[in-house]
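Numbers here are sequence positions counted from 1.
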Amino acid sequence: MRKNRPVLVSMDIPALELSNTSIQSYPSQQWKNKFVGSASFSKEIGCNFGCISLSENLDEKAFKGFNPTTTQLLKHPLAMVALVPREAALFAAGAIAGAAAKSVTAPLDRIKLLMQTHGLRAGQEAAKKGIGFIEAFALIGKEEGIKGYWKGNLPQVIRIIPYSAVQLFAYETYKKLFQGKDGELSVIGRLAAGACAGMTSTFVTYPLDVLRLRLAVDPGYKTMSEVALNMLKEEGFASFYNGLGPSLIGIAPYIAVNFCVFDLVKKALPEKYQKRTEATLATGLISATIATLLCYPLDTVRRQMQMKGTPYMTIFDAFPGIVARDGIVGLYRGFVPNALKTLPNSSIRLTTFDTVKRLLARSEEEFQKIMEENRRQKAE
C-alpha cells in the first residue's frame with residue numbers, strides 16, 4: 001500500500017460507551033455544545049461517538065494484517081502495481097514514454113538537425129540555397145543507409161530518461177512553490193512553474209544534448225565517448241554548454257506555453273470529453289504546435305551555437321547572423337520535420353501516461369478490494 005495515500009477503513013464498534021475521562025477533561029457544557037449540540041439532544045438519541053487519532057505510520061501497524069498475502073498477489077497480479085510508489089511509477093512511465101517517442105521520431109529529428117545546421121556546415125555560398133526536407137532525407141539514405149536515420153539517437157534516449165524525470169519532479173516542486181495561499185495555482189504561477197521546470201531539466205541534461213548534436217551532424221564521429229573526449233581535448237569543458245543561454249531562454253517559454261495552453265484548452269472542453277484519450281492527444285498536439293511556432297527560432301540559434309567552429313558567441317550575434325545569411329526563413333529551417341514529429345511524439349507520450357494512470361487506478365482498486373476482503377474475514 002502506498003504510504004502517501006491515506007485509506008479510511010470503517011468498523012463497527014459494539015457497545016461503544018462515552019469516556020467520562022474525556023468529558024471531565026473538557027468543560028461539560030462547552031463539550032456538549034461543540035460536539036453534541038445540546039444535552040437534551042444527547043439524551044434523546046443517546047449520541048455517543050468515538051474519535052481515533054491517526055499517527056503517520058498507523059497504516060503499517062493497525063492495518064498490517066489486512067495487507068494482501070503473496071498468494072493473493074499472485075492470484076491478482078494487477079494489485080502488485082499498487083505496491084510501487086506512485087511517483088516512481090510515473091517517473092518510469094515518463095522515461096519509457098520519452099524514450100519510445102524519441103526513437104520512433106528519430107529520423108525526422110535527424111533531418112531537422114541537418115536542415116538547421118546545413119548553412120553553417122556548407123559554407124557561405126552554399127548556405128544561401130539551404131537544404132530541403134526531401135533533399136536531406138535522400139542525402140542521409142544515400143551516404144549512411146538506414147542506420148543513418150537513427151544516428152545520434154542513443155545519447156538522445158539516454159538524455160530523455162533523466163530529462164523527463166527531472167522535469168516532472170521539478171514541475172511538481174515548483175507548482176507547490178508558486179501556488180497561492182489558498183492552494184490554487186494561477187495562470188501566472190503555472191507559467192512560472194513550467195518555465196523553471198524546463199530550465200532545470202535543460203541545465204542538468206544539456207551536455208548530452210550537445211553530444212547528440214555533434215554525433216548526428218559530424219560524419220567523423222562514431223561513438224558518443226569519442227565525441228566527448230575530443231571536445232574535452234580540443235575545446236575544453238565549457239564546450240559542453242555552448243548555446244546554453246538560448247536553450248534556457250527557448251525552453252522556458254516553450255514549456256510554460258505548452259503547459260498553460262494544454263490546461264486552458266482541456267478546461268474549455270465539455271466535461272465528458274476531458275478524460276477521453278483522443279481529447280488529450282488533440283489538446284497536447286495543439287499546445288505543442290503553438291509553443292513550437294513561438295519558440296522554434298531560438299532552437300535554431302541554439303543548434304548553430306552548439307556547432308564546432310561556430311562564429312556565434314551570443315544570441316545577439318546569432319540572430320542577425322542567421323537572418324543576414326539565410327533570411328527570416330533561416331530561423332525556421334527544419335520546422336516541417338519538427339512539426340511532423342510532434343504528432344507521433346505527443347501521441348506516444350500522452351497515450352503512455354494515460355494508460356499508466358488508468359493502470360495505477362485499477363491496481364489501487366484491486367488492492368483495496370483484497371484489503372476489504374481480508375478485513376471482513378478477520379471481523380467474522
Side-chain angles (χ1 to χ4, degrees), residues 1-12 52 54-105 153-154 156-173 175 201 262 266 271-284 344-380:
M1 184 194 304
R2 296 189 180 91
K3 298 178 183 178
N4 62 332
R5 293 179 66 82
V7 178
L8 179 62
V9 179
S10 61
M11 301 181 188
D12 293 330
I52 301 175
L54 296 177
S55 65
E56 207 171 289
N57 297 320
L58 186 61
D59 59 330
E60 292 182 356
K61 297 176 181 179
F63 302 118
K64 188 174 182 180
F66 301 154
N67 288 336
T69 63
T70 303
T71 303
Q72 288 176 316
L73 289 175
L74 291 174
K75 187 178 179 181
H76 303 278
L78 185 60
M80 293 183 187
V81 181
L83 298 172
V84 180
R86 188 176 183 83
E87 291 79 9
L90 291 177
F91 267 54
I96 294 171
K102 287 296 180 184
S103 296
V104 171
T105 59
N153 186 56
L154 178 60
Q156 179 71 341
V157 169
I158 294 174
R159 167 187 167 272
I160 203 64
I161 293 176
Y163 182 83
S164 298
V166 172
Q167 189 173 89
L168 178 61
F169 178 78
Y171 184 58
E172 293 302 316
T173 302
K175 280 201 300 185
S201 55
F262 181 84
K266 197 83 179 285
E271 189 173 350
K272 63 179 181 179
Y273 293 113
Q274 290 182 6
K275 294 183 179 180
R276 295 182 61 172
T277 303
E278 313 91 274
T280 301
L281 294 174
T283 303
N345 200 311
S346 299
S347 298
I348 294 169
R349 183 177 291 109
L350 292 174
T351 301
T352 301
F353 266 112
D354 188 62
T355 302
V356 170
K357 286 180 180 179
R358 287 201 302 267
L359 182 66
L360 290 174
R362 287 175 55 195
S363 69
E364 289 172 358
E365 291 175 2
E366 194 75 17
F367 194 93
Q368 293 304 319
K369 285 180 181 179
I370 297 174
M371 283 191 64
E372 181 62 23
E373 181 181 342
N374 292 345
R375 186 194 69 79
R376 285 198 303 267
Q377 291 178 354
K378 281 186 175 290
E380 293 176 355

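- Judged by distance alone, with hydrogens and angles left aside, the side-chain atoms of Gln368 form no donor-acceptor pair with the main-chain N or O of Glu365 at under 3.5 Å.
- The distance from atom CE of Met371 to atom CD of Gln72, rounded to the nearest 0.5 Å, is 10.5 Å.
- Between Lys266 and Thr283, the shortest heavy-atom contact is N-CG2, 4.0 Å.
- Sorted by first and then second residue, the side-chain hydrogen bond (donor to acceptor under 3.5 Å, both in side chains) pairs with a member in residues 73-84 read His76-Glu366; sequence neighbours excluded.
- Contact of the Ile370 side chain with the Thr69 side chain is not registered, since no non-hydrogen atoms from C-beta on lie closer than 4.5 Å.
- In plain terms, the two heavy atoms of Tyr273 and Ala279 that are nearest each other are O-CB, 3.0 Å.
- If you take CD on Gln377 and CG on Asn374, they are separated by 5.5 Å, rounding to the nearest 0.5 Å.
- Summarising the local packing, CD of Glu278 is surrounded by more than 12 heavy atoms from other residues, nucleotides or ligands at distances under 6.0 Å.
- Between Glu372 and Arg375 there is a salt bridge, since a side-chain N of the basic residue sits under 4.0 Å from a carboxylate O of the acidic one.
- Separation of atoms CG (Leu78) and CG (Leu360) is listed at 9.5 Å; rounding is to 0.5 Å.
- Of all non-hydrogen atoms in Ser201 and Tyr163, the two that sit nearest each other are OG-CE1, 3.4 Å.
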